[in-house]
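Heavy atoms only: backbone and side chains are in, while hydrogens, waters and symmetry mates are out.
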Amino acid sequence: MGQPVRDYLLTLCITAAVTYLLTGPVRKFAIAAGAMPEIRARDVHREPTPRLGGIAMFFGLCAGLLVADHLDRLNSVFALSNEPRALLSGAALIWLIGVLDDKFEIDALIKLGGQMIAAGVMVMQGLTILWLPIPGVGMVGLTQWQGTLLTVALVVLTINAVNFVDGLDGLAAGMVCIASAAFFLYAYRLWFGYGIEAAAPATLFAAVLMGMCLGFLPHNMHPARIFMGDSGSMLIGLVLAASAISITGQVDLDTLKIFEGSTRQATHAALPVFIPLLLPLTIIAIPMADLVLAIVRRTWNGQSPFAADRGHLHHRLLEIGHSHSRAVWIMYFWSALIAFGTLTYSVHSASMWIMLPIVALSAVGLVLLLLPRFQPRAPRWAESFVPPRYRRRKVAPQAAEEALAAAGAGTGPEGAAAAQAGEAGERPRVPAGVNGATAIGARSHLPERRKAGTPS
């Protein structure tokens with residue numbers, strides 16, 4: 001069987017196209033259905049935005065699996081394994097629970113029970129962990145109860161980790177897309193590099209998951225016109241967990257013959273293979289750390305672990321001064337560094353040249369974290385030699401006077417800020433109002449905005 005790179009690319013493109021094209025109608029449906037909850041204390045967006053984006057993502061998943069089933073080089077995955085059907089069954093259940101939560105705000109314990117049931121449905125159809133690779137020991141078989149409990153735990157942890165990180169526009173979809181890209185490369189290498197057919201379902205799941213995220217991201221980047229909601233975040237979390245379970249608990253590494261020789265030699269030879277088996281955990285390392293810190297923080301404060309707050313990692317990035325877009329890109333950077341760094345090390349574990357770029361990029365990430373609101377401006381004498389984004393913006397005197405009058409003729413904090421901006425010759429900052437990036441129309445670029453409920 002040839003290498004079906006084009007078939008995977010076709011499946012990814014079909015999934016992304018269906019998700020992208022359906023997101024617009026789903027947005028209108030969410031507005032008509034009233035799936036636009038009021039802004040909560042922990043939210044960072046300023047205006048009501050429709051949810052239910054997971055509807056488009058679910059149909060994108062169905063389209064991707066349907067196309068793959070009719071491709072000559074991928075239909076063997078459905079003929080030889082029941083895992084795609086198990087994934088679709090669990091995804092449908094978790095998606096339905098998410099849709100109900102986006103509309104009616106169901107209890108957290110009910111959602112947790114639904115997540116466990118969805119994981120149990122996949123286990124009943126064969127998508128479960130059968131054995132675990134232990135360095136120096138080899139493959140250790142698990143009993144039915146051990147495999148079931150470990151599978152359910154991994155699914156619930158992954159779903160909630162992705163759900164917790166879904167707090168900024170485009171954050172969850174982008175991080176999961178980066179994670180699935182790294183996981184696809186690893187699974188594809190196991191399949192065709194080592195000839196392990198059992199890695200084929202995980203490769204397909206990762207390709208479909210990339211398409212779901214890529215198709216939804218254009219609608220969800222800042223300022224977002226629609227949110228994926230729990231129907232989307234729990235769905236992509238379950239697909240990511242299913243990929244990890246498929247390749248970690250189904251692939252028998254004894255077929256690689258890496259456990260021959262002494263224990264030390266076998267462990268060293270197996271190191272590149274063992275490390276990527278933890279890749280599902282490393283690619284969600286940031287969401288998982290956020291989940292653990294949230295549970296510890298809320299328990300320490302005497303609150304329920306399911307209580308919502310503004311202490312997540314993305315909230316802290318905003319508090320120290322990073323803009324919305326920069327906070328998202330910083331999270332992208334660290335996710336890509338951890339995922340692809342682990343993947344690269346698994347291929348060339350004996351080369352120290354792999355560690356040097358990882359250390360250097362980690363230092364760059366720390367510098368980015370310590371430089372909030374870093375917007376360099378060139379001196380006035382050098383403004384003609386630099387791009388426009390590094391020049392000081394100037395406004396006409398009449399516009400500055402109008403800004404001063406609109407801010408209260410220099411009284412109060414807003415007036416003082418406008419006066420300072422007018423004296424510096426810069427464009428005054430206009431606070432976001434109800435006519436900004438709303439759920440109905442696009443962002444308005446007019447400097448004057450009227451209040452809601454007042455005649456024009």
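Between A224 and T49, the closest heavy-atom pair is O-CG2, 3.9 Å. For A182 against A339, the heavy-atom pair with the smallest separation is CB-CB, 3.8 Å. The shortest heavy-atom contact between P201 and E83 is CB-OE1, 3.3 Å. Residues V155 and A241 share a closest heavy-atom pair of CA-CB, 3.9 Å. When every heavy atom of A199 is checked against every heavy atom of L190, the shortest pair comes out as CB-CB, 4.1 Å. Here the closest non-hydrogen pair linking A244 and L154 is CB-CD2, 4.3 Å.
Side-chain atoms of T344 never come within 3.5 Å of backbone atoms of G341 as a donor-acceptor pair (strictly under, hydrogens ignored). Proximity of a side-chain donor or acceptor of T151 to a complementary backbone N or O of I129 within less than 3.5 Å is detected. Counting only distance, with no hydrogens or angles, the side chain of S243 and the backbone of V239 share a donor-acceptor pair below 3.5 Å. When atom types are taken as modelled, the side chain of K111 and the backbone of D230 share no donor-acceptor pair closer than 3.5 angstrom. Side-chain atoms of R27 come within 3.5 Å of backbone atoms of R225 as a donor-acceptor pair (strictly under, hydrogens ignored).
In this structure, the side chains of I247 and F183 come closer than 4.5 Å at one or more pairs of heavy atoms. The side-chain heavy atoms of I236 and M57, taken from C-beta on, include a pair separated by under 4.5 Å. A 4.5 Å side-chain heavy-atom check between P218 and Y20 finds at least one atom pair inside the cut-off. Side-chain contact between N220 and F227: present, with at least one pair of heavy atoms (C-beta onward) separated by less than 4.5 Å. Residues V77 and T203 form no side-chain contact, since every pair of their non-hydrogen atoms from C-beta on lies 4.5 Å or further apart. Counting only heavy atoms from C-beta outward, the side chains of L238 and M122 approach each other to under 4.5 Å. Residues L343 and R189 have side chains not in contact (no heavy-atom distance under 4.5 Å, counting atoms from C-beta outward). In this structure, I55 and W95 have side chains that are in contact, with non-hydrogen atoms separated by less than 4.5 Å.
Environment of CZ in F59: sparse, with no more than 12 heavy atoms of neighbouring residues, nucleotides or ligands closer than 6.0 Å. Heavy-atom contacts from other residues, nucleotides or ligands closer than 6.0 Å to CE of M221 number more than 12.
Between M212 atom CE and T15 atom OG1 the span is 8.5 Å, to the nearest 0.5 Å. With values rounded to the nearest 0.5 angstrom, L12 atom CG is found 6.0 Å from L214 atom CG. Distance check, rounded to the nearest 0.5 Å: CZ of F184 to SG of C177 gives 12.0 Å. With values rounded to the nearest 0.5 angstrom, L150 atom CG is found 11.0 Å from L130 atom CG. Atom OG1 of T342 is separated from atom CG of L337 by 8.5 Å, given to the nearest 0.5 angstrom. For the atom pair M228 CE and R51 CZ, the distance stands at 12.5 Å (nearest 0.5 Å).
Just one of L65, D69, L71 meets the side-chain contact (heavy atoms from CB on, under 4.5 Å) condition when paired with V67; it is L71. When the options V162, V156, L157 are evaluated for a side-chain contact (heavy atoms from CB on, under 4.5 Å) with N160, the one that passes is V156. Tested against L52 for a side-chain contact (heavy atoms from CB on, under 4.5 Å), the candidates T23, D102, I226 yield a single pass: D102.
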Query raised in the report: Would Y188 and V5 satisfy side-chain contact (heavy atoms from CB on, under 4.5 Å), going step by step from the backbone distance to the final call?
Result: CA-CA 9 Å; Y188 189 86; V5 178; 2.9 Å; yes

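The side chain to side chain donor-acceptor pair (under 3.5 Å) search around S89 returns Q125, not counting sequence neighbours. With sequence neighbours excluded, no residue forms a side chain to side chain donor-acceptor pair (under 3.5 Å) with T11.
Among residues at least two apart or in separate chains, there is no ring-ring contact (aromatic ring centres under 6.0 Å, His included) pair with a member in residues 65-84.
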